Enquirer: 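Can you read through this structure? Questions will come right after.
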Amino acid sequence: MKKEKIILDVDTGSDDAIAIICAALHPQLDLLALTTVCGNKPVPNTTENTLRVVDLLGMNIPVYRGCAEPMVAELIPERHAETRQTAASAVQDGEVIEYHGDYLEIPPATSKIQRKSAVSYLIDTLLESDGDITLIAVGPLTNLGVAFRADPRIIEKIKRIVIMGGGHEVGNRTPSAEFNIWKDPEAAQIVFTSGCEILLVPLDATHVGVVTYAESEAIREINTPVAIAVSDFMDQRIKAYDALQPMAIAGSTPPHDALAVLAAVDESILYDIQLKRVDVDFGGGLADGRTIVDNRVPTDNPPNIRFAFNCHREKFVKMLMDTIALSKEL
Ligand code: RIB
Ligand code: CA
């Protein structure tokens, strides 16, 4: 089967790390490059973390450093003044519990970033392509929003976009919004209204696609350095989710970004995917960053997004484990 060419845009953090590993290992994906963005952590951290994962894999995957700030969202100091933001860390028995440390707990990177910026790489590569490259974005959409504004010619050169982000009945950063979209809502709206084919993998699906301690232990038993690292990331996430954002299954975590990457390979791990009109609120108030699904008939504007409302958890976890097991062939 012909491999699908992808560029993976990340704000590496712990679940981005698992997503990178899945993208690098899966035989149906040709991971051309990684582009980093400010999100879970500042871009120096997300870039170093991405390089650390590339070194852990022992693969020569180019990494391009991206935008250090959202397009405009953080220019307004009082933005989000009224919105209660979910805590991203807690202290338990003197220990800091958080989803993502400042740096992943794997060896410091030895490989270096590419000279070109992520936005320049996206524009140059897409313009020169045959229109056969899929973008998978699992962090704030700043790099894509800036690239689309800088050179709109690339839009028709993108095969499709798979995005981890948003939520209809589920928020996490605020009662109303998911982190990736909330962090740069203007960029998200630019991407959502670009006319590209978009599959959105929101919290409605990722919060079903959780991994338990027992399943993390099964991954650890694959017993490769990559699998052990994935299990370490999972265990850290489970502890953080239990403390900060308990899932329906106690002792579990959603590796959000890995679901988006594996859904790009096999969409049947998702279900209830509906073509919807989805826009992003960037008004700065309580609903700032919310993905607004228009369920009316007719909608104000044409449908623009395939929205995955659910996930087959067991099918996803099996696919995740099978993919991580390919690390034995490294
Ligand atoms: O809301 C979940 C998303 O925010 C994931 O991509 C996670 O890595 C963070 O970026
Ligand atoms: Ca992410």
Side-chain angles (χ1 to χ4, degrees), residues 6-23 34-43 45-50 52-53 63 66-67 70 73 83 85-89 98-104 118 135-144 161-185 187-188 191 199-211 230 233-234 236-238 240-241 244-245 247 252-264 280 288-291 307-308 311 316 320:
I6 68 166
I7 295 170
L8 180 57
D9 192 72
V10 292
D11 63 329
T12 310
S14 52
D15 61 326
D16 305 70
I18 300 166
I20 294 168
I21 289 166
C22 289
L34 294 159
T35 52
T36 67
V37 70
C38 162
N40 285 316
K41 294 293 176 182
V43 78
N45 301 63
T46 63
T47 304
E48 163 65 16
N49 286 334
T50 301
R52 290 188 181 191
V53 177
V63 175
C67 294
T83 308
Q85 298 171 24
T86 310
S89 66
E98 54 181 340
Y99 306 111
H100 319 276
D102 285 340
Y103 293 101
L104 295 176
L135 302 185
I136 303 180
V138 296
L141 294 168
T142 313
N143 290 335
L144 276 64
I161 307 176
V162 179
I163 297 169
M164 189 280 133
H168 183 52
E169 294 189 3
V170 188
N172 60 4
R173 192 71 179 94
T174 76
S176 178
E178 177 279 327
F179 175 77
N180 287 341
I181 306 301
W182 172 88
K183 183 72 176 176
D184 197 338
V191 174
L199 171 64
L200 190 69
V201 183
L203 296 176
D204 305 78
T206 67
H207 279 199
V208 174
V210 295
V211 173
V230 168
F233 299 150
M234 288 287 186
Q236 173 190 357
R237 292 180 60 80
I238 293 171
Y241 268 86
L244 297 164
Q245 202 184 159
M247 293 287 102
S252 73
T253 180
H256 309 275
D257 302 339
L259 179 61
V261 165
L262 294 180
V280 180
D288 196 47
R290 179 175 182 76
T291 49
F307 194 102
C311 156
F316 162 56
L320 175 68

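We count residues from 1, following the sequence as given. Note that the coordinates shown come from a computational prediction; the quantities given were computed from them, not determined experimentally. Note that these values count all heavy atoms, side chains included, but never hydrogens, waters or copies made by symmetry. All ligand and atom numbering here is 1-based and tracks the order in the structure.
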Enquirer: For atom 9 (C) of ligand 1, what is the nearest protein heavy atom, given as residue, atom name and distance?
Expert: Asn40 OD1, 3.1 Å
Enquirer: Would you mind naming the N, O or S atom of Asp11 nearest to the Ca ion (ligand 2)?
Expert: OD1
Enquirer: Below 4.0 angstrom from a heavy atom of His256, which ligand 1 atoms are there? Numbered from 1 as shown, please.
Expert: 2 (C)
Enquirer: Rounded at 0.5 Å granularity, tell me how far CD in Glu98 sits from CG in Leu244.
Expert: 9.5 Å
Enquirer: side-chain contact (heavy atoms from CB on, under 4.5 Å) with Val201: which of Val261, Val138, Thr206?
Expert: Thr206
Enquirer: Considering non-hydrogen atoms of the protein only, which is the closest contact for atom 2 (C) of ligand 1, and what is the distance?
Expert: Glu178 OE2, 3.3 Å
Enquirer: For Met164, counting its heavy atoms only, list the atoms of ligand 1 lying under 4.0 Å from any of them.
Expert: 2 (C), 3 (C), 5 (C), 6 (O)
Enquirer: May I ask you to check if ligand 1 and Asn172 share an N or O to N or O distance below 3.5 Å?
Expert: yes
Enquirer: Output the distance between atom CE (Met234) and atom CG (Asp15), rounded to the nearest 0.5 Å.
Expert: 8.5 Å
Enquirer: Mark up the atoms of ligand 1 that fall under 4.0 Å of a heavy atom belonging to Asp15, in ascending order.
Expert: 5 (C), 6 (O), 7 (C), 8 (O)
Enquirer: Report, rounded to 10°, the angle at the Ca ion (ligand 2) between the two atoms OD2 (Asp16) and O (Val138).
Expert: 90°
Enquirer: Among Val10, Val162, Leu199, Ile7, which residue satisfies the side-chain contact (heavy atoms from CB on, under 4.5 Å) criterion with Ile136?
Expert: Val162
Enquirer: Of all the atoms in ligand 1, which lie at a distance below 4.0 Å from a heavy atom belonging to Asp16?
Expert: 8 (O)
Enquirer: Do we see a donor-acceptor contact under 3.5 Å between the side chains of Asp11 and Asn40?
Expert: yes
Enquirer: Just need the protein heavy atom nearest to atom 6 (O) of ligand 1, so name the residue and atom and give the distance.
Expert: Asp257 OD1, 2.6 Å
Enquirer: Please name the atom of Asp257, limited to N, O or S, that comes nearest to the Ca ion (ligand 2).
Expert: OD2
Enquirer: Give the atoms of ligand 1, by number and element, whose distance to some non-hydrogen atom of Val138 is under 4.0 Å.
Expert: 6 (O), 10 (O)
Enquirer: When you measure from atom 4 (O) of ligand 1 to every protein heavy atom, which one gives the shortest distance, and what is it?
Expert: Asn180 OD1, 3.2 Å
Enquirer: Considering only heavy atoms, does Thr206 approach ligand 1 within less than 4.0 Å through its side chain, its backbone, both, or neither?
Expert: neither
Enquirer: Taking N or O atoms only and a 3.5 Å limit, does Pro140 qualify as a polar contact for ligand 1?
Expert: no
Enquirer: Nearest heavy-atom pair of Val37 and Pro140: which atoms, and what distance?
Expert: CG1-O, 3.7 Å
